[in-house]
Structure formats: structure tokens, C-alpha cells
Amino acid sequence: MADKKILIEGSGKHCHVSQATLYKLFGDGFEMVNKKELSQPGQYATPHKITVVGPKRSTDVTILGPCRNADQIELSQTDATAIGLNPPIRESGDLAGSPGCKLVGPEGEIEIKEGVIIAKRHIHFTVEDAAALGVKDKQIVKVKVGGDRALIFDEVVARVNPEYATAMHLDYDEYNAAALSGSNSTGELIV
């Protein structure tokens, strides 16, 4: 990387489900359809939605594939508050002690004991890009965004993996707060 510009992508409310949960919600033998490849290699959006039921109301979320070992629901603070949940801000996969909820699909429902989080802002880095920028896995960095609603995102977790593509992920509360839009939004990495 010649400069410190980082691609920034907005991430809407979504979920990752286990194979067992997928079958419970959609029926035995159900196979997810790949509707759209995402920027992270091997990840894709499906056309399938499930309903996340909270204490106040419910919301529909898109399932991302492929299946994972654990069910994980990722909401923005706005989405979570609207349905009556107060999940912690966590890195993906850090689900211990997070709230659960009811998940409803076209063929069934399931109550999960934990798994609802607000995703901590993070940047996926290829090993090569991280080395070029002097960033290490799990390092906390900042990203400066310019424009009419310029701001600096602090407490951004660097996640380095040879299977990643370099991109920062923000939920839409944060993405919209910086007035970002389009597929080529960028920010400047501050290490």
C-alpha cells in the first residue's frame, strides 16, 4: 500500500447461523443461496432473512454465509434499542455473556442463550498490507474521515489474516454519522 488510505464499508444488521440453527429455521436439508459475494473472501450475503425477536419488538435480518459454529446476531445500537436489547460492543466471535433472543424462520424458531452483539469497529488486513502499514493483529488504531462530517474513529481493532481483504467495517450508525456513502469511501489510517 502506497498510502494510508483504507476502504470503509458499511455493514447492515445481519446474522451468522450454525448448520443446526439453519435447519431448525428453514427445514432439514436447506441450503443457503449465494446472492452476492462480500469483500471478505468466502463470505456472501444470502436472500434469506430471519426474524430476531426482542423484548419490545422484532426486526428482520439477512443471513450471511457460510454457516458458522455459533449463532451470532450483529445489530447497530439503533437496531438493538428498537427491539429492546442492550448488547455489548464486541469483536466477532466474542459472544460469552451477550444476550440471547428468539430467532424465527419460515419453518421453525429457536431460542438462543447468547449471541447478540454490536460489532466493534474493525479493519480486516491482509498480511502484506498490515506489514506495509506497520500494523499488528489486535492492535488498536484510529481512522480519520474527511468531508462535511469529518471525524476520527478511535478504538478500531486491526485484524490481520492471510484470508482477509483489507477493508474497515462499520455498522450503519457509525457509517452514517460520518456521512459516508458509495462503494469507494475511504479514511486515513492513524497508527
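Residue numbers count from 1 along this sequence.
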Inset, instruction - State whether the side chain of Asp71 and the backbone N or O of Ser18 hold a donor-acceptor pair below 3.5 Å, judged by distance alone. - result: yes
Legend entry - Exam field: side chain Arg68 to backbone Gly93, donor-acceptor pair closer than 3.5 Å: no
Inset, instruction - Taking Ser98 for its side chain and Gly115 for its backbone only, find out whether a donor-acceptor pair lies under 3.5 Å. - result: yes
Inset, instruction - Determine whether the side chains of Asp79 and Thr59 contain a donor N or O and an acceptor N or O closer than 3.5 Å. - result: no
Legend entry - Gap between atom OG1 of Thr21 and atom CD of Glu109 - 0.5 Å precision: 12.5 Å
Legend entry - Nearest heavy atoms of Val191 and Gly134, plus distance in Å: CG1-O, 4.0 Å
Inset, instruction - List the atom of Val145, the atom of Gly187, and the distance in Å for their closest heavy-atom pair. - result: CG2-CA, 4.5 Å
Legend entry - Test item: Glu91 side-chain N/O and Lys120 main-chain N/O as donor-acceptor pair under 3.5 Å: no
Legend entry - Atom of Pro55, atom of Leu85 and distance for their closest heavy-atom approach: CD-CD2, 3.6 Å
Inset, instruction - Look at atom CG of Asn69 and say whether more than 12 heavy atoms of other residues, nucleotides or ligands are closer to it than 6.0 Å. - result: no
Legend entry - Atom pair CD (Gln77) and CD (Glu174), whose distance is rounded to the nearest 0.5 Å: 10.0 Å
Inset, instruction - Find out if a path of hydrophobic residues (ILVMFWY) with successive side-chain heavy-atom gaps under 4.5 Å connects Met32 to Ile110. - result: yes
Inset, instruction - Step by step, work out the side chain to side chain contact (heavy atoms under 4.5 Å, CB included) result for Phe125 and Ile6. - result: CA-CA 10 Å; Phe125 283 100; Ile6 298 292; 4.0 Å; yes
Inset, instruction - Give a yes-or-no answer on whether the side chains of Glu9 and Ser39 include a donor-acceptor pair shorter than 3.5 Å. - result: yes
Inset, instruction - Measure the spacing between CE of Met168 and NE2 of His122 and express it to the nearest 0.5 Å. - result: 9.0 Å
Legend entry - NE2 on His169 to OG on Ser92, rounded to 0.5 Å: 11.0 Å
Legend entry - Neighbour count above 12 (heavy atom, 6.0 Å) for Glu111 CD: yes
Legend entry - Ile190 CD1: over 12 foreign heavy atoms closer than 6.0 Å: yes
Legend entry - ILVMFWY cluster, Val52 and Leu64 together (side-chain gap under 4.5 Å): no
Inset, instruction - With rounding to the nearest 0.5 Å, note down the distance linking CD1 in Ile83 to NZ in Lys56. - result: 10.5 Å
Inset, instruction - Taking atom types as modelled, find out whether Thr46 and Lys35 have a side-chain donor-acceptor pair closer than 3.5 angstrom. - result: no
Inset, instruction - Indicate the ring-plane relationship of Tyr175 and Tyr172, choosing parallel, tilted or perpendicular according to the 30° and 60° boundaries. - result: perpendicular
Legend entry - Heavy-atom closest pair, residues Ala70 and Leu95: CB-CD1, 4.1 Å
Legend entry - Expected output: side-chain Gln40 to main-chain Ala165 donor-acceptor under 3.5 Å: yes
Legend entry - Phe26/Ile63 under side chain to side chain contact (heavy atoms under 4.5 Å, CB included): CA gap, chis, key distance, verdict: CA-CA 12 Å; Phe26 288 86; Ile63 299 176; 3.5 Å; yes
Legend entry - Short side-chain to backbone donor-acceptor contact, Glu74 and His14, under 3.5 Å: no
Legend entry - Distance-minimising heavy-atom pair for Cys101 and Val53: CB-O, 3.5 Å
Legend entry - N/O donor-acceptor pair under 3.5 Å between Thr166 side chain and Thr126 backbone: yes
Legend entry - Gap between atom CG of Asp3 and atom CG of Leu133 - 0.5 Å precision: 8.5 Å
Inset, instruction - Would you sort out whether Ile73 and Ile117 count as a side chain to side chain contact (heavy atoms under 4.5 Å, CB included), showing the intermediate values? - result: CA-CA 6 Å; Ile73 315 303; Ile117 63 169; over 6 Å; no
Legend entry - Minimum-distance pair of heavy atoms, taken over all atoms of Ile50 and Cys15: CD1-SG, 3.5 Å
Inset, instruction - With side chain to side chain contact (heavy atoms under 4.5 Å, CB included) as the test, would you mind laying out the steps for Val33 and His48 before giving the verdict? - result: CA-CA 8 Å; Val33 173; His48 317 300; 3.7 Å; yes
Legend entry - Short side-chain to backbone donor-acceptor contact, Arg121 and Asp171, under 3.5 Å: no
